[in-house]
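Below you'll find the structure, written out as structure tokens, and then a few comments.
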Amino acid sequence: MTTEPQEHAAYDFAYVQEKWLPIWDKLEPFKSGRPDDSRPKKYVLDMFPYPSGDLHMGHAEAYALGDVIARYWIQKGFNVLHPIGWDAFGLPAENAAIKRNADPRDWTYENIAVQKSSMRRYACSFDWDRVFNTCDPEYYKWNQWLFIELHKRGLAYRKDSAVNWCPGCQTVLANEQVVGGLCERCDSAVTKKKLNQWYFKITDYADRLLDDMEQLEGKWPEKVLQMQRNWIGRSQGANVQFNIEGRNEPVTIYTTRPDTLYGATFMVVAADSALAAELAAGGPVESEFTAYLESVKAASDIDRLATDRPKTGVDLKRFAINPVNGEKLPIWASDYVLADYGTGAIMAVPAHDQRDLDFAKAMGLPVRVVVQSEEEDPAVTYVATTGDGVLINSGSLNGLNKVDAIAKITEELEAKKLGNSARNYRLRDWLVSRQRFWGTPIPIVHCEKCGEVPVPADQLPLTLPAAKDIDLKPKGQSPLAAATDWVNTTCPTCGAAALRDSDTMDTFVDSSWYYLRYPSSTNTTEPFSRADIDTWLPVDQYVGGVTHAILHLLYSRFFTKVLNDMGMLGFNEPFTRLLNQGMVLMDGSAMSKSRGNLVKLSDELEKHGVDAIRLSLVFAGPPEDDVDWADVSPSGSVKFLSRAWRLSGDVSSPAGVDFSTGDLSLRKATHKALHDAGFAVESFRFNVAIARVMELVNATRKAVDSGCGAADPAVREAVEAIAIMLSLVAPFTAEEMWERLGHKPAIATAGWPVVDPALLVADEVEAVIQINGKIKGRFNVAPSISDADFEAAALAHPDIVKELNGAAPKKVIARAPKLVNIVL
RNA sequence: GCCCCCAUAGUCCAAUGGCAGAGACAGAGGACUUAAAAUCCUUCCAGUGUCGGUUCGAGUCCGACUGGGGGCACCA
């Protein structure tokens with residue numbers, strides 16, 4: 001049986017989808033404007049996907065939300081750039097390749113093709129001319145160029161350090177990729193390994209990363225700003241020098257409580273620091289220390305995370321001299337002091353620091369109170385008193401409070417050159433080298449004579465060798481090291497035999513600047529042109545998951561600041577506004593195959609259609625909230641869309657009819673809906689915007705059936721407005737409605753109807769009269785009534801006269817035209 | 001342990017300090033129909049987690065508590 005369009009009495013989404021896709025392909029309504037475009041610009045960016053299989057429910061939500069925003073600004077007359085690409089390097093491709101004994105390239109590009117065609121079917125409003133993948137040599141060439149630029153500026157460097165090592169992935173991990181002691185990717189327990197690795201000096205930018213957040217206040221979710229602040233973790237304190245018996249150089253410690261210097265009863269150095277090894281060397285405890293160090297190294301991060309872990313350590317039998325009172329303090333080595341924070345050594349003040357107190361208790365060390373507070377003696381309770389109080393037993397500080405004592409002692413230390421005010425950060429430098437194949441090769445040649453030599457710019461990109469000759473299985477060293485033809489090279493400086501760096505870059509490098517590339521995606525001479533940057537950047541609206549609240553966003557902000565310093569950009573924050581969408585859950589938890597609660601996007605699209613799924617996801621609640629698929633009703637969305645679609649067939653006035661003669665109350669409803677829905681979209685309350693459209697659909701239905709009738713111009717005005725508003729979320733239905741209303745595609749560029757302010761004013765509003773805050777009467781007034789007339793009318797209202805019964809009001813609050821409150 | 005966010009009908013969610021209900025799901029009833037589906041109409045349902053405060057007026061602001069969620073985690 002053939003299905004002619006006319007026979008579709010009920011709305012047939014499958015037919016409509018197939019009908020419009022090829023037409024849109026031809027019209028390309030989402031091509032962003034070229035340089036001579038006079039419309040104001042808007043850069044709307046969705047976080048680009050990782051190509052692991054087909055799109056899932058999470059993508060569906062994220063891209064539906066990004067689409068609402070992009071399509072809204074297009075309707076509002078902006079020149080919108082809404083690009084997409086693929087974050088295509090990374091471990092899943094490599095692991096899949098190992099499993100199938102194939103090249104990661106094949107797996108990656110196959111998946112990209114699948115996702116790309118799904119996005120087309122999902123009607124994403126992307127500008128397909130600007131697509132790129134981070135694994136394209138034309139893209140990662142610029143990763144390498146940037147790496148070399150950072151290297152030139154001392155911002156990319158190598159150092160030996162105890163790094164996070166994932167035994168599962170057989171690679172090092174950045175601090176940011178260790179979640180609760182586990183590898184972010186494979187959940188293996190992360191261990192420490194001493195390795196020489198590449199770092200980006202993000203710590204140089206700690207203050208700017210922190211202080212520039214002021215610009216983002218109110219525009220990024222407060223939660224994300226908070227997380228970034230905590231991650232950077234700036235603390236204010238002082239460095240203090242302690243002389244060490246039998247050592248020429250003093251040891252510097254960092255403390256946030258220099259006021260408690262007189263309460264120090266011992267010193268602790270990080271067990272895995274060079275200082276600890278030096279202090280133990282040749283002494284009576286050397287073997288005991290070595291054994292302790294081994295046990296510390298063996299402990300995984302998981303062990304270290306145990307909250308009630310007993311304190312351990314070794315008495316090094318060495319002594320530090322307290323600079324303020326000359327006391328001899330025993331020096332201990334322990335793993336509760338971190339080698340890579342502060343100076344790796346602390347003064348221990350057990351009375352006023354819980355960790356020091358726990359250690360003192362375990363080792364039988366003395367406790368001395370120097371800040372007198374209301375609380376009980378920490379030496380008795382083993383609860384450290386960390387609050388404010390009056391300084392005692394503290395020489396010149398006696399009698400001062402905490403804040404004044406900190407200021408005074410810091411001043412004294414600085415005068416005697418024994419210390420200084422200091423800041424520290426929780427943030428560590430970004431470890432960027434990875435011992436894996438599927439990433440950007442690090443463009444450095446190691447020459448015995450010349451050292452680290454960058455690959456010359458004209459030799460970029462330094463491409464990955466073919467994977468077929470290389471064993472990709474993880475073995476603790478980059479697979480590239482085994483590609484001898486590739487690794488063996490000559491030094492670009494002296495020409496002698498040399499070796500390429502065999503590590504690849506963290507894929508977060510790729511995503512730290514990709515948003516700068518879209519406007520210049522085909523540029524072969526530079527990563528991006530300043531003219532393109534000045535046209536489009538910064539990103540006006542970024543949309544993506546909160547999972548990237550720290551990692552990706554922090555790195556991107558860092559790169560932007562570096563590029564700003566290099567004079568390549570004229571701004572220092574890349575993303576002006578940020579929207580973090582929630583997750584799509586099923587029955588209260590994240591969807592997963594193993595949990596058995598996976599809802600397949602393709603099945604849902606098949607069952608209910610693209611528009612209904614997009615609508616359901618957007619209407620489910622505020623975009624930041626998680627959506628539980630068990631709570632949403634896609635069939636309800638189908639019903640609503642059919643209801644809207646049916647209206648387009650009822651309209652009997654001709655296209656282009658003069659609306660001004662139409663039914664006034666429906667016209668008012670239309671203009672109010674346009675106004676309110678627009679406002680809701682701009683404040684990210686998409687669910688509310690849809691509710692406004694539903695109201696208008698209901699009102700129009702009523703007008704057609706039992707009001708002004710289908711021929712009234714106001715009905716056409718309403719249905720056209722409904723179609724345009726629906727085009728943000730249900731593009732197929734909207735386009736179909738638009739055609740039935742006698743218009744040409746694409747509705748996406750039809751334009752948001754101009755709201756007539758005169759139609760936003762109601763003729764009459766109902767006001768309430770309260771006595772002592774309780775509602776006692778209602779009356780209708782003109783919206784323009786003055787407070788005085790309003791108050792007089794309220795006091796003259798028969799119900800109120802009766803209620804007052806002659807009593808004189810103490811006070812009358814009039815808020816024309818809504819409310820009067822009479823206080824007795 | 002520290003920091004942050006949230007709490008409104010059976011469910012998902014609305015409400016510039018001013019009438020708690022916009023919208024939807026589920027439920028009930030009716031019209032149409034031989035019947036069903038679809039459609040249309042009507043309708044039921046909470047006083048906003050608890051306690052206190054500010055205010056003429058609090059779901060909304062402040063404080064404490066309870067419950068849920070998230071981030072960090074020996075950062076001196």
Side-chain angles (χ1 to χ4, degrees), chain A residues 9-10 179-181 221-231 233-235 237-238 253-258 260 268 270 301 304-309 311 334-338 340-349 352-356 358-359 386 424-428 546 549-550 582 615-616 619-622 624-628 630-637 639-640 642-643 646 676 679-680 685 687-698 701-702 705-706 766-775 777-778 809-815 818-824:
Chain A
V179 180
E222 187 48 44
K223 182 178 155 189
V224 174
L225 296 178
Q226 196 64 43
M227 281 163 72
Q228 295 230 342
R229 269 185 215 108
N230 291 343
W231 189 262
R234 180 159 68 192
S235 90
I253 61 97
Y254 173 73
T255 177
T256 53
R257 294 293 305 276
T260 62
V268 186
D301 274 20
R304 294 177 62 100
L305 281 175
T307 43
D308 50 356
R309 191 159 169 263
K311 293 276 186 287
S334 174
D335 65 350
Y336 89 89
V337 172
L338 307 175
D340 57 354
Y341 182 79
T343 61
I346 62 153
M347 67 171 190
V349 185
H352 307 299
D353 182 285
Q354 191 59 50
R355 294 151 305 181
D356 295 346
D358 292 343
F359 193 81
T386 55
N424 262 303
Y425 304 87
R426 226 191 61 94
L427 182 71
R428 307 297 148 91
V546 74
I550 298 174
L615 176 67
S616 299
F619 183 56
E624 311 82 23
D625 288 8
D626 290 345
V627 178
D628 195 324
D631 292 332
V632 313
S633 167
S635 57
S637 299
K639 213 169 89 179
F640 164 67
S642 326
R643 206 167 135 80
R646 240 177 290 119
D676 291 359
F679 180 71
R685 284 148 53 241
N687 53 328
V688 177
I690 293 168
R692 294 290 96 86
V693 182
M694 287 174 167
E695 277 177 86
L696 184 58
V697 167
N698 292 343
R701 180 80 263 154
K702 202 166 259 173
D705 289 350
S706 56
E766 190 184 49
V768 297
I769 309 169
Q770 300 178 332
I771 294 179
N772 290 335
K774 300 271 184 295
I775 294 161
R778 294 160 190 279
K810 229 188 268 170
K811 194 170 165 188
V812 179
I813 290 114
R815 292 281 180 275
K818 295 177 81 173
L819 170 143
V820 178
N821 190 14
I822 299 161
V823 187
L824 291 181

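Throughout, a chain's letter reflects where its sequence line sits, starting with A, and its residues are numbered from 1. No experiment lies behind these values; they were computed from the predicted model shown.
- Between rA20(B) and rA14(B), the two C1' atoms lie 10 Å apart (nearest whole Å).
- In rG47(B) the O4'-C1'-N dihedral to the base is within 90° of 0, which defines a syn nucleotide.
- The P atoms of rC13(B) and rC41(B) are separated by 27 Å, rounded to the nearest whole Å.
- Distance noted for atom P between rG63(B) and rA24(B): 38 Å (whole Å).
- Remark: P of rC6(B) and CG of Asp625(A) are 10 Å apart, rounded to the nearest angstrom.
- For rU39(B), the OP1/OP2 oxygens have no side-chain nitrogen or oxygen of Ser642(A) closer than 4.0 Å.
- Using a 4.0 Å heavy-atom distance criterion, Arg778(A) is classed as a base contact.
- Residue Lys639(A) has a polar side-chain atom (N or O) positioned under 4.0 Å from OP1 or OP2 of rC25(B).
- Phosphate proximity of rA76(B) to Tyr341(A): present, with a side-chain N or O under 4.0 Å from OP1 or OP2.
- Going from the C1' atom of rC65(B) to that of rC6(B) covers 16 Å, rounded to whole Å.
- In this structure, Asp625(A) contributes its side chain and Gly582(A) its backbone to no donor-acceptor pair below 3.5 Å.
- The side chain of Arg815(A) contributes no N or O atom lying less than 4.0 Å from OP1 or OP2 of rG57(B).
- Counting any heavy atom pair closer than 4.0 Å across all strands shown, Glu222(A) reaches no nucleic acid atom.
- With salt bridges taken as basic N to acidic carboxylate O contacts below 4.0 Å, none links Asp353(A) and Arg257(A).
- Separating the P atom of rG23(B) from that of rU43(B) is a span of 12 Å, rounded to the nearest Å.
- Asn698(A) has a side-chain polar atom (N or O) that falls below the 4.0 Å cut-off from OP1 or OP2 of rA24(B).
- The interatomic distance linking Met227(A) (CE) with rG69(B) (C1') rounds to 13 Å, in whole Å.
- Between the base of rC12(B) and the side chain of Asp631(A) there is no donor-acceptor pair shorter than 3.5 Å.
- Within the nucleic acid shown, Leu819(A) comes within 4.0 Å of at least one base atom, counting heavy atoms only.
- rA37(B) and rA26(B) have their P atoms separated by 14 Å, with the value rounded to a whole Å.
- In terms of position along RNA chain B, the nucleotide closest to Ala767(A) lies nearer the 5' end than the nucleotide closest to the other residue of the pair Ala345(A) and Ala767(A).
- Figure legend: cation-pi geometry between Lys311(A) and Tyr336(A), with NZ or CZ positioned under 6.0 Å from the six-membered ring centre and within 45° of its axis.
- Within the 3.5 Å criterion, the main-chain N or O of Gly773(A) finds a donor-acceptor partner in the side chain of Asn821(A).
- Dashed line: the shortest gap from a side-chain N or O of Arg685(A) to OP1 or OP2 of rA15(B) is under 4.0 Å.
- Using a 4.0 Å heavy-atom distance criterion, Arg692(A) is classed as a base contact.
- At the heavy-atom level, Lys311(A) lies under 4.0 Å from base atoms of the strands shown.
- With no hydrogens or angles considered, no side-chain donor-acceptor pair links Asn230(A) and Arg426(A) at under 3.5 Å.
- Considering only side-chain N and O atoms, Asn687(A) lies under 4.0 angstrom from the phosphate OP1 or OP2 of rA14(B).
- Using a 4.0 Å heavy-atom distance criterion, Asp356(A) is classed as making no nucleic acid contact.
- Between rU39(B) and Arg701(A), no contact under 4.0 Å exists linking OP1 or OP2 to a side-chain N or O.
- At a threshold of 4.0 angstrom between heavy atoms, the contacts of Glu766(A) include nucleobase atoms, whether or not backbone atoms are also involved.
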